[in-house]
Amino acid sequence: MERPTTGRIVRYRGRQGLQAIRAAIVTADVDTLDPDGVQIGAVPPLESPLHVHLWVFTPGARGGFHEYNVPPGDLPGTWHWPA
């Protein structure tokens, strides 16, 4: 699998409710994650080179939300590449 990189668009399947698939952008990968931010607890670590932090886009006034340490896959709470 191709490693995700910061700035790439992926698809995220929600963890709750309808588990809708939404567009998301990678906000941090293993190469761009700030180690100082992890050390002070400002941002969670990533468990593997395929895990990412995301900004998930949603319709409506809120606009989106963060998801952290998201693994690849097709199950709820995972990301995958667009078709």
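- Val52 and Val38 end up in different hydrophobic clusters when Ile, Leu, Val, Met, Phe, Trp and Tyr side chains are linked at under 4.5 Å.
- Two different hydrophobic clusters hold Leu46 and Trp81 under the rule that ILVMFWY side chains link at heavy-atom gaps under 4.5 Å.
- Ring pair Trp55/Phe57 is perpendicular by interplanar angle, where above 60° counts as perpendicular and below 30° as parallel.
- In this structure, Pro59 and Arg22 have side chains that are in contact, with non-hydrogen atoms separated by less than 4.5 Å.
- Side chain of Trp79 to backbone of Ile25: no donor-acceptor contact under 3.5 angstrom is found.
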### Message
Would Arg3 and Val30 count as a side chain to side chain contact (heavy atoms under 4.5 Å, CB included) here? Give the steps.
### Response
CA-CA 10 Å; Arg3 270 187 46 197; Val30 293; 3.2 Å; yes
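- No side-chain heavy atom of Val26 sits less than 4.5 Å from a side-chain heavy atom of Thr5.
- Side-chain heavy atoms closer than 4.5 Å link hydrophobic residues (I, L, V, M, F, W, Y) into clusters, and following such links, possibly through other members, connects Val10 to Met1.
- Heavy-atom minimum distance, Tyr12 versus Leu54: CD1-CD1, 3.8 Å.
- Put simply, the side chain of His53 never gets that close to the backbone of Leu33: no donor and acceptor are under 3.5 Å apart.
- For the salt bridge (charged side-chain N to carboxylate O under 4.0 Å, His left out) condition, no pair includes a residue of residues 70-83, sequence neighbours left out.
- Taking every heavy atom of both residues into account, Gly77 and Pro71 meet most closely at O-CD, 3.7 Å.
- Sorted by first then second residue, the salt bridge (charged side-chain N to carboxylate O under 4.0 Å, His left out) pairs that include residues 55-66, not counting sequence neighbours, number zero.
- No hydrogens or angles considered: a donor-acceptor pair under 3.5 Å links the side chains of Thr6 and Asp29.
- In terms of heavy atoms, Leu50 sits closest to Pro72 at O-CD, 3.6 Å.
- Note that the CG atom of Leu75 and the CD atom of Gln19 stand 9.0 Å from one another [nearest 0.5 Å].
- Every pair passing salt bridge (charged side-chain N to carboxylate O under 4.0 Å, His left out) that includes a residue from residues 5-17 is listed here, sequence neighbours excluded: Glu2-Arg8, Arg15-Glu67.
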